[in-house]
Amino acid sequence: MKYSSTRGNAEKLDSARAIIRGLAADGGLFVPDAMPQVDMAFIEGLQKLSYEERAAKVLGLFLTDYTADELKGCVTRAYDNGRFDTVKRAPVKAVADKSVLELWHGPTSAFKDMALQLLPQLMSTALKKTGEKDEVLILVATSGDTGKAALEGFRDVPQISIMVFYPQGGVSRIQQLQMLTQEGKNVNVTAVTGNFDDAQSGVKMIFGDKAFNEELAKKGIRLSSANSINWGRLVPQIVYYFSAYADLLSAGTIKAGEEINFTVPTGNFGDILAGFYAKCMGLPVNKLICASNANNVLTDFLRTGVYDRERDFFKTISPSMDILISSNLERLLYHMTGDTAKVAGWMKELQEQGRYDVGSELLAKIQQTFWADWTSDEDTEHCIGNLYEKTHYVADPHTAVAWSVAEKYQQATGDKHHMVVVSTASPYKFNGSVLEALGVKTEGVDEFTLLDELQARNEDKTPEGLASLRTKEIRHHGVCEPETMEDAVMAFASSKTE
Ligand SMILES: *Cc1c(COP(=O)(O)O)cnc(C)c1O
């Protein structure tokens, strides 16, 4: 299977090369040329398999240039590495009348691990397969969770180094500590004096700066991305939609072939897009419900067909969704239209005018699959409190945004399909907001006391990666402005080649 650009002006590559590149040469995103199809026998067959085996099967449909042995090695090193705290990797729990798909049992306690434990394995295998001699420098812009998950995934992986930019003051204290204490010989963490979109735009600008990339190439370094614009980041996420369905079948919650709904707390549109791929491949999915916080640019888009980023940016208690440019939407537009010229045009309008309008016909087509709503911080807190009172389930703010939107969907439509709420972070990662929602005053209380306070109210123990932050040393001190990110990259690159 080949991969081509959503904007139609770049060469077609096999998946190994697309994963090394990250972004297509014309600025578009790599998309598969065809959508693999599966039947119910395939899905039912997943029930008796481990998560690793499920992953190898699903990945094999897309990464056709990797051998079965290579994929087996990759998924084993990614998931069966002693760093997930449950053998199910992505367990499904029954909570009230819904199911919750927990994607945060990996080393950094957020759903990013599902993809970022695997991407480095896919990438280093790709470097071997293609005989690539250059060093790869991964640049990441993070709203909090991606950065740490990428650092953990890439640390000390040969031939690859990684540099992470995060918005100063735009991540939780725990997220910041997780990143600043990162160990590894090939890692750098730098704060940017701006918001997430500034950091992401900065990284995109660096990828597109020809002269800068040529200068790096002279040093034997090529840039790549671990953001969800990289196909190797997206494809691992398709797996857990299948895995969840198989587990619901095994539990007898649903019958084979029965359609279900997923509500997904959404930022960059990567997680929910993986669900869209699963549906296109034949997974029985009725609706994908896109849940946002006050940065509700996607809610408006999915209701009106107008994507308009010119709006106030809010810092919310679900910071990993504080995003105004959802990069992966470009892939959805490509798959919905098959028209690269149109997609390229919309992306140009977004860049130049800050908005684009896909028109009523395409909107209607998108709405056959997607529904959207958003939740304020206040309602998110109520949701965490109510859910705890009713079920003793402790939801993190991102999960609570989704839970609350799932309820709005059910009330608005009366739809009775079984609902899976995708849970994207451990509540311990956002302990302050969660405790406030549970009625505990947190002002002036230190992070580690908060972890203990939360543990006193939660059946799940504090994840090891968070508990151990107590004693770890701060190793990264870099700060730069959005305008000087390139200098910071060059300084790190030069330090790597000295
Ligand atoms: C990244 C993230 C999201 C948003 O996922 P996208 O793929 O960017 O839509 C939601 N919740 C948490 C906790 C995250 O880390």
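Not measured: the values here are computed from a predicted model. In what follows, every heavy atom counts, from backbone to side chain, and hydrogens, waters and symmetry copies are set aside. In what follows, residues are counted from 1 in the order of the sequence shown. Just follow the structure's listing: the first ligand is 1, and inside any ligand the first atom is 1.
For ligand 1, none of its N or O atoms has an N or O atom of His398 under 3.5 Å away. At a 3.5 angstrom cut-off on N or O pairs, Ala110 does not count as close to ligand 1. Considering both main-chain and side-chain atoms, Thr424 comes within under 3.5 Å of ligand 1 through a nitrogen or oxygen pair. Looking at Asp271 next to ligand 1, an N or O pair under 3.5 Å apart turns up. Any N or O atom pair closer than 3.5 Å counts here, and Thr266 shares no such pair with ligand 1. Distances between N or O atoms of Phe430 and those of ligand 1 include no value under 3.5 Å.
Counting heavy atoms under 4.0 Å from ligand 1, residue Phe269 touches it through the backbone alone.
Between the side chains of Thr399 and Asp396, at least one donor N or O lies within less than 3.5 Å of an accepting N or O.
For Trp374 and Phe301, the ring centers sit 6.0 Å or farther from each other.
Within the 4.5 Å cutoff, no side-chain heavy atoms of Met485 are placed close to those of Leu139.
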Derivation and outcome, ring-ring contact (aromatic ring centres under 6.0 Å, His included), residues Tyr79 and Phe84 | CA-CA 7 Å; Tyr79 300 120; Phe84 280 76; 5.6 Å; yes
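Protein heavy atom at the shortest distance from atom 6 (P) of ligand 1 is Asn268 N, 3.5 Å.
Ion pairing between Asp247 and Arg54 holds under the 4.0 Å rule for side-chain N and carboxylate O. For Asp113 and Arg83, the salt-bridge test fails: no basic side-chain N is under 4.0 Å from an acidic carboxylate O.
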